[in-house]
Amino acid sequence: MADKSGSVTNGRAPEADLPANIRNVVLVGPSGAGKTTLVEALLRQAGVISRAGRVEEGTTVSDYDDVEIRQKRSVNLTVQPLQVGDIKVNLLDTPGYADFVGELRAGLRAADAALFVISAVDGVDGLTQLLWQECASLNVPRAVAVNKIDHDRADFFGALHQCQTAFGDGVLPAYFPVTAGGGEGAATGLIGLLSQRFYDYTAAGSPPRREATAPGGSTEAPLPADTAEQVAAMRETLIEGVIQESEDETLMDRYMAGEELDPDLLIADLEAAVVRGGFHPVLAVSATTGIGVAELLAELPRACPSPLERPLPRVTTVNDKPVQEFTCDPAGPLLAEVIKTSSDPYVGRVSLVRVFSGTLLPDAVVHVCGHGLAERGHEDHDVDERIGALSTPLGKQLRPMPRAMAGDICSVAKLAHAETGDTLSAKEQPLRMPPWTFPDPLLPVAVRAASKGDEDKLSHAIARLTAEDITLRLEVNPETHQMLLWCMGEAHLDVALDRLTNRYGVKVETEQVRIPLRETFAIPTQGMGRNVKQSGGHGEYGVCHIKVEPLPSGSGLEFVDEIVGGVVPRQYIPSVEKGIRAQMEQGVRSGYPMVDIRVTLYDGKAHSVDSSDMAFQKAGKLALRDAAGRARVSMLEPVDELSVLVADAYMGAVMSDLSSRRGRVIGTEAVGEGRTLIHAEIPQLEITRYAIDLRSISQGTGTFSRRYLRHEPLPDHLAQTYITGEHATA
């Protein structure tokens, strides 16, 4: 396929000679806020690409995957490096859609700072607020870029107010846009509040107004007269916020005394406060017209911390014994982590790696340690592997690099055993970093090969998908025998199916997920099994009488032998039990397994010649079927314990929805500020698509976990549809 991405400037990949000259910045924000377009604008401003691509045309550097081009949205974490002076900045572009939060979590693990991109048109959504709180819990330095200020419906101050309400203290504008007519609408320039400089983006090339040439095609001009009062008020608020976070205790006294503080000093204090995580500047930008892009590019190296200023994740031996505290030292022991795994049709498996300590070199033999993800199909492993070629990623291009030092991010080709979350270390000193928290996939989808020819390829293709995407999980249900692909949501499923078809050439079909129902006896009863076939020659003879009683959930089969007098010879009593167990697996009414009964064998008959093991097995089966015809058989459905974490504003709607699904709310508890954890018991039949429905009810802010609790009787009106086969099968 032809490369339709934006033109990439030929030249050497960005390099850093010290960890102090590296910045790893992850872009976070809602879908549609313009993160990918902003990355394009920053790459263009830094001279990495000669022209900016467009998401709508499938020409951006970040969205190079075929599925991203077809769906016109980001689904992958990508790294785009650029150079600002001596500083190498690794921009990590993340998807904004909730289904791909696993990619975002990986970006947070690799980054040292987060830039939240918010639309001046759409503002802040609930999911972005949760991500801000998650970054705050990790003390990740954060800044905000309000994008799309060129839009006719842009409302910078409205978006700013939403940010301050959602994100809390320390969120203050460092720049604000100037519009042609004042108030809302498309911006024409920016004012730096501390520097009190006006960057006029309409006056570029207009000599009468030009005082100095500013970066990014703007001109520096006098402050508009109608903004003086607003600038003064906002500047005062910003200065007070900077002083509160400053480590210079004399600043407040000097400010209160009326001293005019040096703008350069204030800017340095602001940037230091951002690194400490106590202050969050808001910048205004338009990724499409370029307004504010140069200012943002200049701020990234100054305001974002280097890897030296951030603590390293916890490190242990492969046996989970704590080790000495590591530092970001290129000469130290090797410590790196696989952030993402992907497949390239030409290169093969490519691992995106963040180096935390030491220096990663091509052809070196390293230890690969992976533990703690066995429940996701990633078995624990400790192996030694040789590092292949190292490269700096830029879209689909992989540009060679001689080494990757502590603090940097690189791509490593052809690591056969390394998976997402694995630790790379020196083979002489194997180490392990416990993997970060991965979201659980909670939407099950039953898939099957569309044809016989695809059956052999399907398992292999899904195994490769789940190796690449840690938020996909494959399960073959032992009771229903369905192949279940657990996803984060419908968009996540669409991407998985697209890749199965277009990348691996496997055509699949989806079907309704079958819930593992069961049968049991509702009341005690009796049954007789008579298997007598004597038509000449060696026949069959086995008769048994049984009593059947229901048992509590989880009891299984309890077989009791009450035979006296040898009416059923001792060697055939296990045969009766074997036949009963076989019939229980097949069910007696609807084909679902029978469980939780006590069967007592109390009488029977045998023949000296015609009785056999098989004859009494068949008699046991017939006896259980006969007992089922004499008493009511109940259908049992699995019930899960559900824990739903939701914002208080949606708690009533969520609880009402749970009740409508035959759920029982057991209790609630407050979790943090403004969030509640709801505990409920609910049938599995009612929550196969709960991952989608909860997102709709809670506007994307609700999360839940589930675990099997027990089987309970299915209501009669529903049980009848399964007994008669009238339930939906499509």
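The figures here come from the full heavy-atom set of this structure, side chains too, leaving out hydrogens, waters and symmetry mates. All residue numbers in this chain count up from 1 along the given sequence.
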Inset, instruction - Check the side chains of Asn90 and Asp408 for a donor-acceptor pair under 3.5 angstrom, ignoring hydrogens and angles. - result: yes
Leu474 backbone acceptor or donor facing Thr466 side chain under 3.5 Å:
no
Discussion item. Has Thr317 got a side-chain atom pairing as donor or acceptor with Lys321's backbone, closer than 3.5 angstrom?
Written reply: yes
Q. Given side chains that start at C-beta, do those of Ser343 and Val350 come closer than 4.5 Å, heavy atoms only?
A. no
Note, Thr316 side chain near Leu431 side chain (heavy atom, < 4.5 Å)
no
The side-chain contact (heavy atoms from CB on, under 4.5 Å) partner of Thr701 among Leu645, Leu130, Asp125, Thr128 is Leu130
Item to complete: Considering only NZ, NE, NH1 and NH2 on the basic side and carboxylate oxygens on the acidic side, decide whether Arg349 and Glu419 come within less than 4.0 Å.
Response: no
Cationic N near anionic O, under 4.0 Å, Lys35 to Glu40 | no
Any luck finding a side-chain donor-acceptor pair between Asn477 and Gln482 under 3.5 Å?
-> no
Task: Heavy-atom neighbours of Lys457 NZ exceed 12 at 6.0 Å - done: yes
Side chain to side chain donor-acceptor pair (under 3.5 Å) evaluation trace for Ser590 with Glu519: CA-CA 8 Å; Ser590 58; Glu519 300 176 338; 2.9 Å; yes
Can the positive tip of Arg706 be found less than 6.0 Å from the middle of the six-membered ring of Phe704, inside 45° of the ring normal? no
task = Dump the intermediate steps for side chain to side chain contact (heavy atoms under 4.5 Å, CB included) on Val665 and His679, then the final yes or no.
result = CA-CA 6 Å; Val665 175; His679 299 284; over 6 Å; no
Between Leu127 and Gly96, the two heavy atoms sitting closest are CD2-O, 4.3 Å
Worksheet item: Mind checking whether Val508 and Leu497 have side chains closer than 4.5 Å, heavy atoms only?
Response: yes
Q: Test the Arg661-Tyr690 pair against the cation-pi criterion, namely NZ or CZ under 6.0 angstrom from the six-membered ring centroid and within 45° of the ring axis.
A: no
Smallest heavy-atom separation, Asn24 atom then Pro307 atom, equals ND2-CG, 4.1 Å
Worked check of side chain to side chain donor-acceptor pair (under 3.5 Å) between Gln80 and Thr78: CA-CA 7 Å; Gln80 317 301 340; Thr78 58; 3.2 Å; yes
- Item | Non-hydrogen side-chain atoms of Leu415 and Leu424 separated by less than 4.5 Å | yes
Charged N-O contact under 4.0 Å between Arg518 and Glu637
no
- Query: Using a distance-only test with no angle check, is there a side-chain donor-acceptor pair under 3.5 angstrom linking Ser696 and Asp693?
  - Reply: no
Taking every heavy atom of Ala653 against every heavy atom of Ile697, the minimum-distance pair comes out as CB-CG2, 3.8 Å
Practice task
Kindly determine whether Leu517 and Leu685 satisfy side chain to side chain contact (heavy atoms under 4.5 Å, CB included), including the steps that lead there.
Solution key: CA-CA 9 Å; Leu517 303 179; Leu685 285 169; 4.2 Å; yes
Shortest non-hydrogen pair, Arg399 vs Pro81, comes out as NH2-CG, 4.2 Å
Here the gap from Gln512 atom CD to Thr688 atom OG1, rounded to the nearest 0.5 Å, amounts to 7.5 Å
Rounded to the nearest 0.5 angstrom, the CD-OH distance for Gln699 and Tyr650 is 4.5 Å
ask   = Any side-chain heavy atom of Leu390 within less than 4.5 Å of one from Val412?
value = yes
Closest heavy-atom pair, Thr59 versus Arg54, reported as atoms and distance to 0.1 Å, is OG1-N, 2.7 Å
Just checking, is any N or O donor in the side chain of Ser555 or Asp596 under 3.5 Å from an acceptor N or O on the other one? no
Hits for side chain to side chain contact (heavy atoms under 4.5 Å, CB included) against Asp469, two or more places apart or cross-chain, chain-then-number order -> Thr471, Leu472, His492
Val26 side chain reached by Leu115 side chain, heavy atoms, under 4.5 Å:
no
- Query: Does atom NE2 of His460 have more than 12 heavy-atom neighbours from other groups under 6.0 Å away?
  - Reply: no
- Note, Asp640 side chain near Leu709 side chain (heavy atom, < 4.5 Å): no
* Asked: Looking just at side-chain N and O atoms, do Glu641 and Ser643 make a donor-acceptor pair shorter than 3.5 Å?
  -> no
query = Do Arg432 and Asp320 meet the salt-bridge criterion of a basic N to acidic O distance under 4.0 Å?
reply = yes
The reported gap from OG in Ser342 to CG in Leu352 (rounded to nearest 0.5 angstrom) is 7.5 Å
Salt bridge present between Arg448 and Glu455 (N-O < 4.0 angstrom): no
(Q) Check Arg710 with Glu681, please: is the shortest side-chain N to carboxylate O separation under 4.0 Å? (A) yes
Worksheet item: Is Asp63 salt-bridged to Arg73, going by a charged N under 4.0 Å from an acidic O?
Response: no
Close side-chain approach of Ile692 and Arg695, heavy atoms under 4.5 Å:
no
query = Going by an N to O cut-off under 4.0 Å, is there a salt bridge joining Glu686 and Arg662?
reply = yes
| query | Under the side chain to side chain contact (heavy atoms under 4.5 Å, CB included) criterion, do Val644 and Leu677 qualify, and how do the steps go? | reply | CA-CA 6 Å; Val644 186; Leu677 186 63; 5.9 Å; no
- Pair Asp422-His381, side-chain donor/acceptor within less than 3.5 Å: yes
Practice item. Please report the C-alpha distance between Val353 and Glu337 in whole Å, then the side-chain angles of each, then the deciding distance to 0.1 Å, and finally whether the side chain to side chain contact (heavy atoms under 4.5 Å, CB included) criterion is met. Key: CA-CA 6 Å; Val353 174; Glu337 188 171 31; over 6 Å; no
Paired with Arg503, the salt bridge (charged side-chain N to carboxylate O under 4.0 Å, His left out) test is passed by just one of Asp66, Asp498, Asp65, namely Asp65
Whether the Glu68 and Ser74 side chains hold a donor-acceptor pair (N or O, under 3.5 Å, no angle test) is what I'd like checked. no
inquiry  = Taking Glu56 first and then Lys72, would you say they form a salt bridge - that is, a charged N and a carboxylate O separated by under 4.0 Å?
reply    = no
Closest non-hydrogen contact found for Pro638 with Tyr708 is CB-CE1, 3.9 Å
Q.
Is it the case that the side chains of Thr420 and Thr341 hold a donor-acceptor pair, with the cut-off being a distance below 3.5 Å and no angle test?
A. yes
> Should we count CZ of Arg70 as having more than 12 external heavy atoms under 6.0 Å?
Replying inline: yes
Arg514/Glu479 under salt bridge (Lys or Arg N to Asp or Glu O under 4.0 Å): CA gap, chis, key distance, verdict: CA-CA 9 Å; Arg514 295 194 291 272; Glu479 294 188 35; over 6 Å; no
| said: For a quick check under 3.5 Å, do Asp382 and His371 share a side-chain donor-acceptor pair by atom type? | reply: yes
